[in-house]
Amino acid sequence: MEDKKFIESLNEKNYIFRIGEVSKMTDVSPRQLRYWEQKGYIHSVRSEKMATRVFDHKNFVMVKLIKFYLDQDYSLTVSISKARKRMAEVSLTHDMVIAMHHGFVEKDGKTLMDMGYFDDKKQKRLYGYLNDDGHVSYLVE
DNA sequence: GTTCTAACA
DNA sequence: TGTTAGCA
């Protein structure tokens, strides 16, 4: 289970940024970030004794999403709404991919992703791989 | 040098 | 929302 430890060591949850860094990476001013936080659109963590904000990866992504919609001339409130919906979808996508990912196996010169049992009786296993056009092909065995 | 809060020619 | 002031 060394793989698991390695994955956890680089888990995005471990990445935190200060307001200046987030501002530069997202092109959102510190003033805006503080305001958005005050309104509850984003959240920062304040270490027990540390007086400065730190944003985790999740909130960094949220800022990027809000900015993405603002740049398309949506109002702030609409951007927030759209960003929250996207966040939920991205989060669900992440959870599902993690849950179905059972490693890779080599077959016929291809690298197949083992997606676990396909049926409730746990007799058929689902595999998938990317073909040349970028689409996923499936295999059940 | 950076971040914080509060306030506004 | 930008900017500035005065701190920590």
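Every chain is numbered from 1, with letters handed out A, B, ... down the list of sequences.
Taking only side-chain nitrogens and oxygens, A/R18 never comes nearer than 4.0 Å to OP1 or OP2 of B/dT2.
A donor-acceptor distance shorter than 3.5 angstrom exists from the side chain of A/N59 to the backbone of A/H43, with no hydrogens or angles considered.
Counting heavy-atom neighbours within 6.0 Å of A/Y138 OH, excluding the residue itself, gives a total of 12 or less.
The partner of C/dA8 is B/dT2, by the rule that a Watson-Crick or G-U pair needs both atom distances under 3.5 Å. With a cut-off of 3.5 Å on both pairing distances, C/dT1 has no Watson-Crick or G-U wobble partner at all.
One can place CD of A/Q38 at 13 Å from P of B/dA7, the figure rounded to the nearest angstrom. In this structure, A/Y35 atom OH and B/dT5 atom P are separated by 16 Å, rounded to whole Å. In this structure, CH2 of A/W36 is placed 10 Å from P of C/dG2, rounded to the nearest angstrom. Put simply, CZ on A/R34 is 15 Å from P on B/dA7, counting in whole angstrom units. Atom CD1 of A/I19 is separated from atom P of C/dT1 by 13 Å (rounded to the nearest Å).
In plain terms, the two heavy atoms of A/A51 and A/R46 that are nearest each other are O-NH1, 2.7 Å.
Here A/R53 lies in heavy-atom contact (under 4.0 Å) with sugar-phosphate atoms only.
Not counting sequence neighbours, the partners of A/S137 by the side chain to side chain donor-acceptor pair (under 3.5 Å) test are A/N131.
Within a heavy-atom distance below 4.0 Å of DNA chain B, the residues of residues 20-32 of chain A found are A/G20, A/R31.
In this structure, A/K82 is positioned above the aromatic face of A/Y74, its NZ or CZ under 6.0 Å from the six-membered ring centre and within 45° of the axis.
The pair A/E37-A/R34 does not count as a salt bridge, with every side-chain nitrogen at least 4.0 angstrom from each carboxylate oxygen.
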